[in-house]
Amino acid sequence: MRGQLRAARRAIIFFFCSTGSVYGLLTARLPALREHLQAGEALIGMAMLSLGCGSLVGFAAMHVLQRYWSTRDILRLGSVCLLLALPLCGLAPNGVLFCAACGLLGGCFALADVAMNTQGILLEQRLRHNCLSGLHACYSFGGLGGSLLGALFAAAGAGPLVTFMTVAGVQIVCWRLFAPRLLPDREQPATDGQETSPRHGIPPFIYLCGFLALAAYAVEGSCAEWSALLLHTVKGASESTAALGFGAFSVAIALSRLLGDGLRQRWGDFALLLASTSAAFCGLAIVLLSPWPALCLAGYALTGAGMAPFMPVLLSRAGSRDDISPQRATTTMATLGYAGLLVIPPGIGWLAQWYGLPTALLLPLLLALLLMASSLLFRRPARQPRPRG
């Protein structure tokens, strides 16, 4: 039994790394894709919007698919379709087809994201100890690895299509090795369109977790999309220095998640969330108040380290409840959370147009304060869930 769980853990780690690497690879080759399509920033922005809209469609489809398929089957489908859809972005001959390929990629991202998080929750339940934060660290390192691979292929003069086909081909070989080792989440598939477990309404706590996920994703998205512009136009940093803002945030969030499971085991959810969200709030305050770019980079790193434990703890607490399946809990949270990622960071641009970027970025600071207050909801320790399936 332990050997099977170790094999399942290695498989889940692969899927977290693989999904992160696809996103990192796509973003790393966006300049080459823009040159290939002879497009401007508007088309790239439309493609990223298509990616987000496709993700929302994927989340909606997940609500239906999980009634009939196990999470293991959905992750197999979503991950292999993700790897097959990636080369389509390099094959697209014009902007319309490129946006369509990005929309398809976003839908596959959604299926893989929800299913692999559910697999992580199931692994926690079977191992009886925390591991979700480490799995999220694997996603972050996968994204960094994809970015580095994209840079290496670009330095070698390879086009986006060659890059995507090479990386996708290698990962499909690995997929064949790891896909059979995923955890089952139900004893038998549903028949006649019915679920094997009784239907229940979604508990209010899950909606609350979804709203908190929305706030957390909005804070992370604001750091990703506005850090470089704030550092360059407001703080006076050079373009090369400004580009390090999101890098500092990403490296800090990845390294912090490696420590998240151990800290959660030692401190408990309440103390960990209160300390981490307080650090994120202080980091954003430093970014907004400091006139020195170097100190702002440190602020973004502190923000990343502070935000790192929040989503793994939130997913773990929601997925461990007995009144809803981990699949439905994760899908509901992801749908609400991703809506915040799509709406709030772009909305900061509209606020910045009227009130200035520093004033507009008070919104993620207030959201970080809200997350800090929400740690009071986790004062009670999590119940030990019954193993499922």
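Sequential numbering from 1 along the given sequence is applied to the chain's residues.
Residue F211 places its CZ atom among 12 or fewer non-hydrogen atoms of other residues, nucleotides or ligands, all under 6.0 Å distant. At most 12 heavy atoms of other shown residues, nucleotides or ligands fall within 6.0 angstrom of atom OH in Y23.
Atoms SG and CG, from C102 and L33 in turn, are 8.0 Å apart once rounded to the nearest 0.5 Å. With values rounded to the nearest 0.5 angstrom, T332 atom OG1 is found 7.0 Å from I206 atom CD1. Interatomic distance, CD1 of I13 versus SG of C138, reported as 4.5 Å (0.5 Å rounding). Taking OG1 of T19 as the start and CG of L75 as the end, the distance is 7.0 Å to the nearest 0.5 Å. In this structure, SG on C209 lies 8.5 Å from CZ on R317, to the nearest 0.5 angstrom. Atom CG of L357 sits about 10.0 Å away from atom CG of L362, to the nearest 0.5 Å.
Checked by atom type, the side-chain pair R29/T163 shows a donor-acceptor distance below 3.5 Å. Defined by atom type and a distance below 3.5 Å, a donor-acceptor pair is missing between the side-chain atoms of T71 and Q66. With 3.5 Å as the limit, one finds no donor-acceptor pair spanning the side chains of Q125 and S320. A side-chain donor-acceptor contact under 3.5 Å links W175 and S79.
Side-chain contact between P364 and L361: present, with at least one pair of heavy atoms (C-beta onward) separated by less than 4.5 Å. Using a 4.5 Å cut-off on side-chain heavy atoms (C-beta onward), T359 and W354 make no contact.
At least one donor-acceptor pair under 3.5 Å links the side chain of S375 to the backbone N or O of M372. A donor-acceptor pair is defined here as one N or O able to donate and one able to accept, closer than 3.5 Å; such a pair exists between the side chain of S133 and the backbone of R257. R181 contributes no side-chain N or O that, together with a main-chain N or O of A8, makes up a donor-acceptor pair within less than 3.5 Å. A side-chain donor-acceptor contact under 3.5 Å links R379 to the backbone of L376. Judged by distance alone, the side chain of S55 and the main-chain N or O of G106 form a donor-acceptor pair under 3.5 Å. Side-chain N or O atoms of S21 include one that pairs as donor or acceptor with a backbone N or O of S18 at under 3.5 Å.
If you look at F14 and F178, their ring centroids are closer than 6.0 Å.
Between D261 and R264 there is no salt bridge, since none of the side-chain N atoms of the basic residue sits less than 4.0 Å from a carboxylate O of the acidic one.
Annotation: ring pair (Phe, Tyr, Trp, His ring centres under 6.0 Å) contacts involving residues 106-148, sequence neighbours excluded, comprise F16-H136.
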